Amino acid sequence: MRRSHLGSAALGLLAALLMGCRASVKTPRDLAPDHRFKATDDPVISSPVALDVDGDGVLEIAVGSWDGYFYLLDADLNDLPGWPKWSRNGFFSSPALADLDGDGAMEIVVGSDRGLVYAWNPDGSSVSGFPVDLGSEIWSSPTILKGPLVAIGADERMVILTANGQDAPGWPRPMDGWADATAASDGRLLAISSLTRGDPSQGWLTVWTRVGERLPGFPVSLTRDSDSSPALVDFDRDGERWFIVGDDAGYLHVFNREGRERQGFPVRTRGVVSGPTPTPHPPGGTIHAIEASPAVADLDGDGAPEIVVGSWDGRLYVWDDAGQELPGWPVQVDDQIISSAALVDLNADAAPDIVVGSKDGHLYGWTPEAERLPGFPRDLGAPVFSSPWVGDLEGDGRADVVVGADNGIHLLRNIGPMGQRDWPMFHRNPQHTGAYP
């Protein structure tokens with residue numbers, strides 16, 4: 001028995017080594033003059049971030065995959081030395097950036113399906129105190145708080161870690177359910193949605209103060225479970241934060257700090273579609289479901305932010321702060337929109353445009369008036385659940401897009417002039433605070 005066990009372990013190690021070699025030699029290739037692609041063995045659900053590792057003014061790309069690997073890539077999608085990193089079961093969580101050791105350089109923090117919170121230096125070495133074992137699979141992405149501290153949702157608790165991987169004073173705090181979503185924070189408040197796996201009727205939004213006191217009126221029970229990561233928004237410019245979150249019944253909620261809905265909310269997705277019905281994605285969801293995380297910006301220039309979010313009905317919705325649809329919205333595509341939108345000015349008109357992926361395999365781009373941006377949609381050849389990162393990798397004044405798909409990592413170069421970036425990536429910024437403004 002002992003020989004058999006050792007033999008199995010050796011074979012497992014050999015397989016892991018071979019997989020590592022296979023991943024490292026998968027060279028990227030050009031699918032078009034402006035479209036670079038790096039294949040992965042399993043879907044890339046994780047949403048990318050970018051950072052300047054070596055101070056040369058060119059950004060590198062950090063993103064995880066369900067193939068077991070976490071990648072740090074140069075601006076041509078080549079693996080950097082010391083990368084990729086391996087973790088059993090891979091990565092659903094999206095990476096966040098934090099200067100954990102105070103040296104002025106950003107470290108990369110991410111959760112894994114193995115249940116570990118990793119923190120790596122740009123050279124691939126682990127930050128002291130990491131990884132931290134939370135004991136169950138992690139789909140929540142880290143949110144970086146002042147300190148720096150790492151906030152991340154776990155099974156029936158909200159965790160905040162210090163820069164050396166210890167529990168922050170007063171944390172963790174108990175919560176209902178398990179967090180698929182990512183917490184939002186404005187530095188004073190911390191909000192996260194959660195669900196009960198296997199029971200779609202159970203979903204919550206919970207809000208704490210920075211020191212771990214739960215706000216009265218929370219948790220709020222949602223109509224169904226929630227995978228949607230909340231956003232914090234000051235709609236009225238009065239310092240009052242509102243909490244925006246979607247649920248699997250298709251309702252978009254906007255709560256105040258007492259847990260009461262804003263006037264005009266909740267609003268609901270339309271659900272019924274003409275033509276083919278978007279593909280089912282069990283368990284628990286309905287065609288109305290909002291699993292995308294809301295993105296927020298002032299799209300029409302009236303001084304008040306709008307909410308952009310996709311649905312399982314294959315529509316992208318834009319609602320104003322009173323729950324009214326903007327003219328021309330929603331727009332319909334061919335399958336679910338679970339990707340969260342990036343809101344960036346890409347045509348030099350000083351208004352944020354919208355870039356988002358769909359399960360139909362395309363990356364879409366629209367103006368605030370729901371007109372297609374030049375060059376969109378782009379066919380990525382596989383479903384897109386990852387949220388796009390939109391920025392300027394090479395500092396040339398032209399916008400680039402990096403996004404994951406079920407077939408790998410895609411880079412679209414020079415898609416337009418690089419304008420104002422109101423909500424350019426998943427949960428707005430590399431710290432994933434999800435707060436606007």
Side-chain angles (χ1 to χ4, degrees), residues 20 23-24 26 28 36-40 42-87 90-101 103-114 116-127 130-131 138-144 148 150 152 182 339-340 342 385-394 400-405 408-412 421 424-433:
S24 64
K26 281 188 175 179
R36 189 82 163 159
F37 171 66
K38 182 180 181 69
T40 57
D42 288 300
V44 178
I45 309 294
S46 175
S47 300
V49 294
L51 65 159
D52 186 355
V53 169
D54 51 14
D56 66 352
V58 178
L59 301 181
E60 285 75 35
I61 301 156
V63 67
S65 170
W66 261 343
D67 64 8
Y69 292 97
F70 189 91
Y71 298 90
L72 185 60
L73 308 168
D74 68 17
D76 286 320
L77 301 187
N78 298 300
D79 295 318
L80 264 63
W83 301 86
K85 312 301 289 187
W86 165 260
S87 180
F91 300 86
F92 181 100
S93 176
S94 300
L97 303 180
D99 182 6
L100 295 176
D101 55 14
D103 66 353
M106 288 295 181
E107 285 77 47
I108 300 163
V109 187
V110 69
S112 74
D113 274 25
R114 187 181 176 185
L116 301 179
V117 180
Y118 291 95
W120 291 296
N121 296 299
D123 64 4
S125 61
S126 291
V127 174
F130 289 88
I138 302 171
W139 283 20
S140 181
S141 303
T143 303
I144 307 303
V150 178
I152 193 164
T182 297
S339 171
S340 297
F385 297 95
S386 172
S387 302
W389 176 93
V390 183
D392 183 357
L393 288 174
E394 298 175 335
D400 309 299
V401 178
V402 185
V403 67
I409 303 161
H410 295 261
L411 165 60
L412 303 176
R421 304 174 69 205
M425 66 191 77
F426 172 69
H427 237 212
R428 197 184 184 206
N429 52 38
Q431 291 71 45
H432 298 329
T433 61

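Because the structure is predicted, anything quoted here is derived from the model rather than measured.
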Minimum side-chain heavy-atom gap T182-W139 below 4.5 Å
no

L116 and I138: CA distance, side-chain angles, deciding distance, side chain to side chain contact (heavy atoms under 4.5 Å, CB included) verdict
CA-CA 7 Å; L116 301 179; I138 302 171; 5.7 Å; no

Where do F130 and V117 come nearest, in terms of heavy atoms and distance?
CD2-O, 3.5 Å

Which heavy atom of L77 sits nearest to which heavy atom of I409, and what is that distance?
CD1-O, 3.7 Å

Could you grab the distance from atom CD1 of I45 to atom CG of D113, nearest 0.5 Å is fine?
10.5 Å

Could I get the full list of side-chain hydrogen bond (donor to acceptor under 3.5 Å, both in side chains) partners for T143, not counting sequence neighbours?
none

Do you know the tightest heavy-atom contact between I152 and P142?
CD1-N, 4.0 Å

D52/V58 under side chain to side chain contact (heavy atoms under 4.5 Å, CB included): CA gap, chis, key distance, verdict:
CA-CA 6 Å; D52 186 355; V58 178; 5.8 Å; no

When you compare the side chain of V127 with that of D101, does any pair of heavy atoms fall below 4.5 Å?
no

Quick one: does any side-chain atom of S387 pair with a main-chain N or O of M425 as donor and acceptor, under 3.5 Å?
no

Nearest atoms (heavy-atom pairs only) where K85 meets G124
NZ-O, 2.9 Å

Assess the residue pair V44 and H410 against the criterion (side chain to side chain contact (heavy atoms under 4.5 Å, CB included)); give the C-alpha distance rounded to whole Å, side-chain angles, the decisive distance to 0.1 Å, and a yes or no.
CA-CA 10 Å; V44 178; H410 295 261; over 6 Å; no

Measure the shortest side-chain to side-chain distance between T433 and H427 over non-hydrogen atoms and say whether it is less than 4.5 angstrom.
no

Using every non-hydrogen atom in the two residues, find where S93 and S140 come nearest and quote the distance to one decimal.
OG-O, 3.0 Å

Does the cation-pi check pass for R421 over W389, that is, NZ or CZ under 6.0 Å from the six-membered ring centre and within 45° of its axis?
yes

Partners meeting side-chain contact (heavy atoms from CB on, under 4.5 Å) with D123 (sequence neighbours left out)
N121, S125

Apply the test side chain to side chain contact (heavy atoms under 4.5 Å, CB included) to residues L411 and L73: give CA-CA distance (whole Å), side-chain angles for both, the deciding distance (0.1 Å), then the verdict.
CA-CA 11 Å; L411 165 60; L73 308 168; over 6 Å; no

Taking the side chain as everything from C-beta on, heavy atoms only, tell me whether V63 gets closer than 4.5 Å to V402.
no

Between K26 (side chain only) and K38 (backbone N and O only), is there a donor and an acceptor less than 3.5 Å apart?
no

Taking the side chain as C-beta and beyond, is there a heavy-atom pair between V390 and D400 under 4.5 Å?
no

Pairwise side-chain contact, I61 with L59, heavy-atom cut-off 4.5 Å (strictly under)
no

Taking the side chain from D76 and the backbone from N78, do they hold a donor-acceptor pair closer than 3.5 Å?
no

If we only count heavy atoms from C-beta on, is the L72 to W120 side-chain gap below 4.5 Å?
no

Check: Y118 and S112 side chains under 4.5 Å, non-hydrogen atoms
yes

For the rings on Y71 and W83, is their centre-to-centre separation under 6.0 Å?
no

Taken to the nearest 0.5 Å, the spacing of L97 CG from Q431 CD works out to 6.5 Å

Determine whether the aromatic ring centres of residues W66 and F91 are separated by less than 6.0 angstrom.
no

Can you measure from CZ (R36) to CG (L412) and round to the nearest 0.5 angstrom?
13.0 Å

Closest non-hydrogen contact found for S141 with S94 is OG-N, 2.8 Å

Taking S47 for its side chain and S386 for its backbone only, find out whether a donor-acceptor pair lies under 3.5 Å.
no

